[in-house]
Colleague: 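My structure is below; once you've seen it, I'll send some questions.
Keep in mind that what you see is a predicted model, and the values were worked out from it rather than measured. Naming convention: chains lettered A, B, ... in sequence-line order (proteins, then strands); numbering from 1 in each chain.
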Amino acid sequence: MNCWIITKNNKPLNLKDVPVIPISELRENLIKKIKNHLRVIAFFGKKELEQIKLYIILADDINSDILISSSIFNKNDKYPAITPQIPSLHKFEREFYEEFGIEPIGHPWLKPIRYSKDRFDKSQKIENYPFFVMDGTEIHEVAVGPVHAGIIEPGHFRFMCNGEKIYDLEIQLGYQHRNIEQLFLKNQKFSLHLAESIVGDTVIGHSLAYSNAIEALLNLEISKKAALIRIIALEFERIAVHIGDLSAIFNDIAYIMGNAVFGATRTLVINTLLEITGSRFGRGLIKAGGVSFDIDSEMAKKLENMLAKITKDVERMTETMFSSASVLSRLEKTGTLNKEKAFELGIVGMAARASGIGLDARIDHPCEVYKNLNLTKIIKESGDVYARTSIRCKEIFQSAEIIRILLSEIAGYEDEQLLFKINSSLNPNNIVVSIVEGWRGEIVHTVITDNKGELSRYKIKDPSFNNWFGLAVAVRNNGISDFPLCNKSFNLSYCGNDL
Amino acid sequence: MFDTLKSRIYQGNQAIPDIKKAEIHQKFRGFPVLKQELCQNCAECEKICPTGAIKLNPLSIDMGKCIFCGDCENICTDGAIKLSNFHKFSSTNRNNLIITSGMSIDDFNVKAIETNDKIKKILGRSLKLRQVSAGGCNGCEMELNACSNVNFDMGRFGIDFVASPRHADGIVITGPITENMAYALEDVYKAIPDPKIIILAGACAISGGIFQESNTINRSFLEKNNVDLYIPGCPIHPLTFINGVLSFLSQN
């Protein structure tokens with residue numbers, strides 16, 4: 001019997017077509033698949049009466065396929081952990097264990113992920129996280145957080161140092177846990193607004209993943225114009241955040257000129273987004289069924305002018321700073337995550353591309369609009385802060401180019417309707433996987449409906465979930481004073497992990 | 001170095017010259033203007049509001065709950081609800097955030113901010129704030145960061161965010177206050193020397209916002225302590241924040 005059923009991004013399946021395989025068999029098959037360069041993009045449980053159903057979803061990036069399978073567990077079941085063979089699964093298995101208590105035997109790092117409200121073992125408290133401890137007279141511990149020096153979300157960092165040098169960093173998260181996946185089920189009418197607040201810096205990315213999934217479950221096709229506006233907004237978000245990140249990176253190396261110039265450039269970008277959508281982050285733009293704001297020819301002209309200005313500004317500034325030896329010496333060979341490590345840990349998105357791994361859902365699992373664009377992946381090999389900085393610069397230009405092409409296309413669809421009204425209910429007993437390449441990396445929303453066509457499981461995977469461990473590994477053997485710089489170069493989301 | 005100087009000259013002066021008079025683009029969804037006389041009591045707005053901010057008979061919107069999504073404005077065929085682009089709507093009193101029919105931004109601002117002479121005397125010329133994110137989605141946090149950038153440049157008024165609560169005169173809270181963060185929040189507040197103020201920034205902090213029905217929020221901190229300033233928004237706009245704090249310090 002075939003272990004997997006194959007589908008595509010945003011193609012719903014009937015739940016009864018998803019194979020149910022005993023875990024021992026599925027485990028062997030999964031390991032084989034991953035050795036064949038498939039990746040796990042979702043691995044989560046769902047309560048079904050007294051039993052627990054584990055869904056495993058793989059991405060085949062070469063053929064743009066998505067593979068789904070499942071397995072049934074009884075309460076207090078155990079299974080041999082997959083992590084020892086496939087390290088990139090370690091967080092997924094920890095999450096599944098935390099929520100349902102199905103123990104992966106032999107898991108090397110079975111610690112809580114986020115102290116979820118619905119965790120099976122309520123005696124575990126966030127104050128008592130079991131930190132890794134190193135012994136030795138030369139070793140000292142540095143504890144930072146959950147409240148940090150700047151205006152950032154909370155998380156706790158525990159460093160094991162020898163003098164300035166970091167031997168080990170352990171990152172403990174969970175402070176932002178709002179149980180948002182449960183809220184999706186509780187408040188289905190308002191789930192779009194929830195999707196916008198999963199991660200406030202990726203409003204467009206997450207609301208797009210949500211809307212794509214819902215439209216797939218409604219068998220609804222939005223107008224071409226609405227599809228174009230959505231991708232324009234997504235690329236806008238990428239430009240805005242990348243510029244903001246450049247600003248923050250240069251603040252951390254005390255290159256104040258870069259900080260100020262990129263800060264001002266970002267303001268221009270997000271204020272333009274406000275002129276389209278009424279919100280500096282694009283809230284309210286994307287709705288299930290289309291978009292609620294138009295980009296007319298006048299606005300298109302304005303956007304083109306703005307793009308010309310910001311690409312010029314960014315080009316000017318990057319040239320100036322990358323020719324400065326003092327800037328380069330802080331960025332190069334700092335916080336290096338090499339290709340092997342990045343691959344082993346399952347790093348995704350921009351951080352993966354900076355380490356030489358060509359993952360980009362815009363190309364690997366494209367929607368209609370991206371299919372016609374012939375994009376190329378921007379890849380750097382060095383995996384250091386410099387790579388993550390210069391990849392941002394390059395992606396700003398790439399996104400600007402994409403927006404220009406789409407703006408010229410949009411003129412041909414002037415009369416199309418922006419937003420379709422939704423009257424029907426979702427397909428009952430369906431499962432759909434929706435992948436969107438946000439600025440950080442792939443956002444994966446998996447939606448399951450019950451027999452009445454209501455949501456019965458909403459699983460979110462933000463790219464931060466994959467990448468936090470990458471940061472912890474990248475800072476090893478760096479000076480502790482370079483930690484903020486390394487952190488900023490990844491710029492991961494706390495609430496994207498904590499949900 | 002010459003390149004750097006050239007860039008500096010090319011950039012010119014980016015700061016908004018007069019923060020108090022600055023206006024936001026008309027597309028911005030801000031202060032709601034309500035007209036009871038046009039309302040037909042269809043209750044569609046009440047049903048569509050994701051945070052339960054709208055009440056009927058008489059028509060009112062609670063800006064402390066409102067996430068300014070604009071859904072009510074779009075569904076109201078009678079034109080009874082309009083979101084204007086006015087952005088100065090902070091208040092020292094929670095009840096003042098409830099907007100009723102016929103209330104204009106000027107009516108609102110007459111009684112919105114009650115200044116405290118003691119605060120004004122001690123903190124009026126220099127206010128150092130410590131920010132704590134307690135479940136915030138990073139939207140309000142990014143906007144608070146933006147307050148200090150070259151455009152908004154809040155530092156020119158002597159208002160800054162500081163790294164340590166020991167250096168702070170007050171706390172700015174964002175997010176609905178999650179259970180996992182409740183203890184750390186109390187700790188930060190305790191570490192701030194008296195006199196100290198509490199500012200709630202954003203719909204989540206003021207009322208729980210879109211997360212008010214989450215079973216993981218613990219708002220007991222707000223029951224124990226007195227809040228000095230409420231700044232609505234989702235996320236808050238930097239101009240709303242800066243002007244709110246300035247009015248609170250009666251620098252206008």
Colleague: With a 4.5 Å limit on heavy-atom distance, are the side chains of B:T216 and B:N180 in contact?
Modeller: no
Colleague: Evaluate the salt bridge (Lys or Arg N to Asp or Glu O under 4.0 Å) criterion for residues B:K128 and B:D169: first the C-alpha distance (whole Å), next the side-chain angles of each, then the deciding distance (0.1 Å), finally the verdict.
Modeller: CA-CA 5 Å; B:K128 305 293 162 198; B:D169 307 310; over 6 Å; no
Colleague: Give the member of A:G174, A:A264, A:G284 that has the highest number of heavy-atom pairs under 4.5 Å with chain B.
Modeller: A:A264
Colleague: Out of B:C69, B:P176, B:S164, which one racks up the most heavy-atom pairs below 4.5 Å with chain A?
Modeller: B:C69
Colleague: Looking at A:K312 and A:E315, is any side-chain nitrogen of the basic one under 4.0 Å from a carboxylate oxygen of the acidic one?
Modeller: no
Colleague: Quick check on the structure: residues of residues 244-261 of chain A within a heavy-atom distance below 4.5 Å of chain B, by number.
Modeller: A:Y255, A:M257, A:A260, A:V261
Colleague: Will you find, in the side chains of B:T51 and B:Q212, an N or O donor that is under 3.5 Å from an N or O acceptor?
Modeller: no
Colleague: Any idea which of A:E319, A:R280, A:K125, A:H177 has the most non-hydrogen atom pairs under 4.5 angstrom with chain B?
Modeller: A:R280
Colleague: Is it the backbone or the side chain of B:F152 that comes under 4.5 Å from a heavy atom of chain A, or both, or neither?
Modeller: side chain
Colleague: Taking every non-hydrogen pair under 4.5 Å, which of B:P235, B:G70, B:A184 racks up the most with chain A?
Modeller: B:P235
Colleague: Heavy-atom pairs under 4.5 Å with chain B - which of A:M317, A:K287, A:H148, A:Q182 has more of them than the others?
Modeller: A:H148
Colleague: Below 4.5 Å from any heavy atom of chain A, which atoms of B:N151 appear? Answer side chain, backbone, both or neither.
Modeller: side chain
Colleague: Please rank A:H193, A:K189, A:R114 by heavy-atom pairs under 4.5 Å with chain B and give me the top one.
Modeller: A:H193
Colleague: Side chain, backbone, both or neither: which part of B:Q14 has a non-hydrogen atom closer than 4.5 Å to chain A?
Modeller: side chain
Colleague: Checking heavy atoms, do the side chain of B:E179, its backbone, both or neither come under 4.5 Å from chain A?
Modeller: side chain
Colleague: Between B:C234 and chain A, with a heavy-atom cut-off of 4.5 Å, which part of the residue counts as in contact: side chain, backbone, both or neither?
Modeller: both
Colleague: Atom OG1 of B:T240 and atom CZ of B:F89: how far apart are they, to the nearest 0.5 Å?
Modeller: 4.5 Å
Colleague: Would a distance-only check, ignoring hydrogens and angles, find a side-chain to backbone donor-acceptor pair under 3.5 Å from A:E275 to B:H25?
Modeller: no
Colleague: Let me know if B:A15 has heavy atoms under 4.5 Å from chain A in its side chain, its backbone, both or neither.
Modeller: neither
Colleague: How many angstroms lie between CG in A:N179 and OG in A:S116, if you round to the nearest 0.5 Å?
Modeller: 5.5 Å
Colleague: Which of the residues B:Q11, B:R130, B:H237 is involved in the greatest number of heavy-atom pairs with chain A at under 4.5 angstrom?
Modeller: B:R130
Colleague: Go through the atoms of B:P165 and report whether side chain, backbone, both or neither lie under 4.5 Å from a heavy atom of chain A.
Modeller: neither
Colleague: Checking A:I180 against chain B: side chain, backbone, both or neither under 4.5 Å from a heavy atom?
Modeller: side chain
Colleague: Quick one, A:R283 with A:S197, criterion side-chain hydrogen bond (donor to acceptor under 3.5 Å, both in side chains). Give me CA distance, side-chain angles, the key distance, then yes/no.
Modeller: CA-CA 9 Å; A:R283 279 173 188 265; A:S197 295; 3.2 Å; yes
Colleague: Report the distance from atom OG of A:S279 to atom CG of A:L273, rounding to the nearest 0.5 Å.
Modeller: 7.0 Å
Colleague: Who among A:I126, A:N271, A:D118, A:V199 has the most heavy-atom pairs with chain B under 4.5 Å?
Modeller: A:I126
Colleague: Identify which of B:P238, B:P50, B:A163 forms the greatest number of heavy-atom pairs closer than 4.5 Å to chain A.
Modeller: B:P50
Colleague: Report the relative orientation of the aromatic rings in A:F184 and A:Y210; use parallel for angles under 30°, tilted for 30 to 60°, perpendicular for over 60°.
Modeller: tilted
Colleague: Test B:R29 against B:E73 for salt bridge (Lys or Arg N to Asp or Glu O under 4.0 Å), laying out the working first.
Modeller: CA-CA 10 Å; B:R29 294 184 292 274; B:E73 185 182 11; over 6 Å; no
Colleague: Where does B:V172 contact chain A at under 4.5 Å (heavy atoms): side chain, backbone, both or neither?
Modeller: neither
Colleague: Should we say atom NZ of B:K27 is surrounded by more than 12 heavy atoms from elsewhere, each under 6.0 Å from it?
Modeller: yes
Colleague: Can you confirm whether or not the ring centre of A:W468 sits under 6.0 Å from the ring centre of A:Y494?
Modeller: yes
Colleague: What part of B:I177 gets within 4.5 angstrom of chain A, counting heavy atoms only: side chain, backbone, both, or neither?
Modeller: neither
Colleague: For chain A, which residues of residues 139-148 of chain B have at least one non-hydrogen atom nearer than 4.5 Å to it?
Modeller: B:G139, B:E141, B:M142, B:E143, B:L144, B:N145, B:A146
Colleague: Using a cut-off of 6.0 Å, state whether more than 12 heavy atoms not belonging to B:R156 lie near its atom CZ.
Modeller: yes
Colleague: Kindly indicate, with the supporting measurements, whether the criterion side-chain contact (heavy atoms from CB on, under 4.5 Å) is fulfilled by A:T202 and A:S493.
Modeller: CA-CA 9 Å; A:T202 320; A:S493 169; over 6 Å; no
Colleague: Check this for me: A:Y458, atom OH, are more than 12 non-hydrogen atoms of other residues, nucleotides or ligands nearer than 6.0 Å?
Modeller: yes
Colleague: Using non-hydrogen atoms and a 4.5 Å limit, figure out which bit of B:D71 sits close to chain A: side chain, backbone, both or neither.
Modeller: side chain
Colleague: Give, as side chain, backbone, both or neither, the part of B:F161 having an atom under 4.5 angstrom from any heavy atom of chain A.
Modeller: side chain
Colleague: Under 6.0 Å between ring centres: does that hold for B:F28 and B:H87?
Modeller: no
Colleague: Verify the neighbour count for atom NZ of A:K421: are there more than 12 heavy atoms of other residues, nucleotides or ligands below 6.0 Å?
Modeller: no
Colleague: Inspect the surroundings of OH in B:Y183 and state if more than 12 heavy atoms from other residues, nucleotides or ligands are less than 6.0 Å away.
Modeller: no
Colleague: Give a yes or no on whether B:K21 atom NZ has more than 12 heavy-atom contacts from other residues, nucleotides or ligands under 6.0 Å away.
Modeller: no
